[in-house]
Amino acid sequence: MTRDEITAGLAEILEEVAGVNPDDVAEGKSFTDDLDVDSLSMVEVVVAAEEKFGVKIPDNEVQNLKTVGDAVSYIEAQS
Amino acid sequence: MSRPDVVVTGLGATTPLGGDVASTWDAMLAGRSGVSALTQEWAADLPVRIAAQLAVDPSEVLDRVKLRRLDRSEAIAIIAARQAWADAGLAEAGPDPERLAVSVGSGIGGATTLLAQDDILEKSGPRRVSPHTIPMLMPNGPAAWVGLELGAKAGVHTVASACATGAEAIALGLDIIRAGRADVVVAGGTEAVIHPLPIAGFSSMRAMSTRNDEPERASRPWDSGRDGFVLGEGAGVVILERADHAAARGARVYARLAGAGITSDAYDIVQPHAEGEGAIRAIARAVADADVARTDIVHVNAHATSTPVGDMLEIGALRQAVGDHPVLTATKSMTGHLLGAAGALESIATILAIRDGVIPPTINLDDPDEGLTLDVAAHKARHMEIPAALNNAFGFGGHNVALVFTRP
């Protein structure tokens, strides 16, 4: 899966869970500061991403995923 | 120090009869039933397959993402509160947040969230349980959400007294303003538990009507053929305001909330007191608190749920505490029983009856119980001058609440 494909997959999840416009989702964007995803919604995003990409994202890893790019890199490395 | 007058300056509701107060009131005056068959698959095996479902689903009003984190009871509380807020003219210029309080409760709370998330837990494991579960099912959720939406900082309160909740929440709002803790209180009730478990539970108590083949005729307070209540869902919210605060901003006033009476039976967990002792005291207290003559109370929106025992006990209580003159109605004949929202919705009906000089009908009263010795606006709305009116609400647990509203 390419980085673009992972980004697109995350954009789908972010739209479903938090109502984020898919056009706003890019690797440089911060989940909290740019996309306005609060902590409870972030939990939903993580669980949905695990399911979608078939990876495990432990809770202690989530705090390091500040931007969409961080998440893409983590998912890319795991899958 | 003299006690401040408290008035009602805004109304909001979403009910089985309409998505707002105006459509609900029109339907009530027309004598329309909001009860229908439950056609959902899950209802097929239930002993009760009828309910009064919302006329307008919350998904038509709130956006999808917001609804993901709201229990249905919270969503409709927000919808009703926003309407009441706008109706009171507070949307443009709200009060001082530190003088704004909320008093909103529900009878059962976020049961559908609890049950849906338990299904997920059983089927997919704990990691799949929504992080919104707790704020969705906590009993104070509806009040907290309303407070958050409207920016209330003088305290957010949750009353829970089963089917008396909505009325008791309004009574608490009156107390809060009288005590000087707020100038404006957003008060009411909400309920959304049309789900197999609550239905099975009430049904096992033999409390619900099983007139499954005639949904619109199932809720029939005081009729000799009544066989239990019909479950309804909805929310009702009123804006209570200190009278001088309302006057200072030139607010339109619907009615005065003149008095309230709250008692408890200490008798049985579900059966009302056999002589209606607690109900009599609640009504008498409300009348005394309102400082109006009993003869001025010419209309009562009764609790009357269409159960064999409760309906007649209330008649006795009213005769003793008010007299033989008031004209009664039971709007539950049309809306079903909204449990924790009932007292709030019926307060709204009482307030509008005073404003418009018209009592909404009690439908389905085809063959009145021989114990019905008071006048009821049966079948058709009745026009009359209403200087003061009473709303009763009683709940499992032995809760009795009576509210007196008067013309402003």
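Letters A, B, ... mirror the listed sequences (proteins, then strands); counts begin at 1.
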key: Close side-chain approach of B:P131 and A:M42, heavy atoms under 4.5 Å   = no
request  = Output the distance between atom CD (A:E44) and atom CZ (B:R128), rounded to the nearest 0.5 Å.
outcome  = 12.0 Å
Least distance between heavy atoms, B:V65 atom then A:E15 atom = CG2-O, 4.1 Å
query = At their closest point, which heavy atom of A:V46 faces which heavy atom of B:R127, and how far apart are they?
reply = CG1-NH2, 4.1 Å
task = Report, as yes or no, whether the 6.0 Å neighbourhood of atom CD on A:Q63 holds more than 12 heavy atoms from other residues, nucleotides or ligands.
result = yes
ask   = What part of A:E50 is in contact with chain B, defined as an atom under 4.5 angstrom from a non-hydrogen atom: side chain, backbone, both or neither?
value = side chain
Non-hydrogen atoms of A:V17 and B:R68 that approach each other most closely = O-NE, 3.5 Å
request  = Step through the shown structure and confirm whether more than 12 heavy atoms of other residues, nucleotides or ligands are within 6.0 Å of CD on A:Q78.
outcome  = yes
query = Under a 4.5 Å heavy-atom cut-off, does chain B meet the side chain of A:S41, its backbone, both or neither?
reply = both
ask   = Can you tell me if CG on B:D118 sees more than 12 non-hydrogen neighbours from other groups inside 6.0 Å?
value = yes
key: B:K153 atom NZ, over 12 foreign heavy atoms within 6.0 Å   = no
query = Would the number of heavy atoms belonging to other residues, nucleotides or ligands and lying under 6.0 Å from CG of B:D45 be above 12?
reply = no
